[in-house]
Amino acid sequence: GNSVTQMEGPVTLSEEAFLTINCTYTATGYPSLFWYVQYPGEGLQLLLKATKADDKGSNKGFEATYRKETTSFHLEKGSVQVSDSAVYFCALSDPQGGSEKLVFGKGTKLTVNP
Amino acid sequence: EPEVTQTPSHQVTQMGQEVILRCVPISNHLYFYWYRQILGQKVEFLVSFYNNEISEKSEIFDDQFSVERPDGSNFTLKIRSTKLEDSAMYFCASSERLPGGYSPLHFGNGTRLTVT
């Protein structure tokens, strides 16, 4: 079945540090890939997405590239801010594989210190 | 920006009681979902709903669970007889179309259900 594995947290960084959160996936079809973010006390918000191989999703300084050869969708940001502190979820959707649901990773909690 | 709203934000109930979690999806959305997240674990799919019927459900969504769109705006999740292991954060979501890369899910802030 479809699954998502992302790096265990928590991750603690200083402001302006470089961020990478690794995500790899297993899917039967050609999934779309997503990163969702959950700020404290709030719901999940779509951060970025990519729908096919080599697509790069980007938003708010975050980027992730859909790598089919390594089945990965790592999240990166060049310079994090305190306001980026949140839990980040990698997810996939594989409707061509017969399911419309989102499959999530466990989430990675990021804390950015001033 | 329109948003998905969920009520209540926190519900405490005793084991064996029925609970109804309420959601108001974004008004022009057609697909509705419930997910849950047990503390410290993955966000898990429960059920999807389209055209007034369940379109997909997970193994978690057994006979104790039901969903309803009673009046064209609310979307509810009912747990008939709660168990301790039902304690979790329950998220409602909606989308304009199927999410497969074309239409993102919009999530509510969640209802934290505590079963004692």
Side-chain angles (χ1 to χ4, degrees), chain A residues 1-6 8-10 23 25 27-57 59 64 66 73 86-109, chain B residues 1-7 9-10 21 23-26 29-51 54-61 88-112:
Chain A
N2 297 338
S3 66
V4 173
T5 303
Q6 62 181 105
E8 298 279 334
C23 172
Y25 68 89
T28 52
Y30 296 95
S32 296
L33 302 173
F34 307 84
W35 277 99
Y36 278 80
V37 59
Q38 185 179 28
Y39 297 104
E42 299 184 17
L44 296 156
Q45 300 174 25
L46 179 66
L47 180 61
L48 54 85
K49 65 181 169 84
T51 59
K52 60 183 188 299
D54 300 325
D55 267 2
K56 179 187 281 188
N59 186 24
Y66 189 143
F73 193 55
V87 182
Y88 292 82
F89 294 90
C90 187
L92 71 80
S93 163
D94 186 16
Q96 291 89 351
S99 172
E100 68 208 38
K101 69 186 180 194
L102 277 173
V103 176
F104 286 90
K106 278 192 172 183
T108 303
K109 183 175 181 180
Chain B
E1 187 177 324
E3 55 184 32
V4 175
T5 56
Q6 290 185 243
T7 55
S9 56
H10 192 188
L21 308 183
C23 170
V24 179
I26 295 173
H29 284 189
L30 301 176
Y31 294 83
F32 313 110
Y33 308 84
W34 284 99
Y35 286 78
R36 80 171 184 190
Q37 184 182 27
I38 295 171
L39 189 64
Q41 298 188 27
K42 289 186 179 188
V43 177
E44 301 172 293
F45 169 79
L46 292 178
V47 66
S48 59
F49 191 86
Y50 170 68
N51 202 24
I54 291 173
S55 50
E56 187 177 359
K57 60 182 181 179
S58 71
E59 291 174 356
I60 302 166
F61 195 87
M89 181 74 90
Y90 288 80
F91 291 105
C92 174
S94 68
S95 67
E96 286 183 78
R97 296 178 295 278
L98 282 176
Y102 305 106
S103 182
L105 263 63
H106 294 257
F107 284 84
N109 285 355
T111 293
R112 180 167 295 286

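Atoms considered below: every heavy atom in the structure, side chains included; atoms not considered: hydrogens, waters and symmetry mates. Naming: A, B, ... by sequence-line order, numbering from 1 per chain.
Under the salt bridge (charged side-chain N to carboxylate O under 4.0 Å, His left out) criterion, K109(A) pairs with no residue at all, not counting sequence neighbours. Listed by chain and number, the residues in a ring pair (Phe, Tyr, Trp, His ring centres under 6.0 Å) with Y88(A) are F62(A) (sequence neighbours excluded).
Contacts of Q37(B) with chain A are made by side-chain atoms alone, with heavy-atom separations under 4.5 Å and no backbone atom involved. Contact of Q45(A) with chain B is not made at all, since no heavy-atom distance falls under 4.5 Å. Proximity to chain B is limited to the backbone of V4(A), based on heavy atoms less than 4.5 angstrom apart.
L102(A) CG to S95(B) OG: the interatomic distance, rounded to the nearest 0.5 Å, is 9.0 Å.
Checking side-chain atoms of N109(B) against main-chain N and O of G43(A) turns up a donor-acceptor pair under 3.5 Å.
Within the 4.5 Å cutoff, the side chain of Y36(A) has no heavy atoms near those of the V43(B) side chain. Counting only heavy atoms from C-beta outward, the side chains of L44(A) and Y35(B) never approach each other to under 4.5 Å.
Interface remark: of the candidates C92(B), S48(B), G40(B), S9(B), S48(B) forms the most heavy-atom pairs closer than 4.5 Å to chain A.
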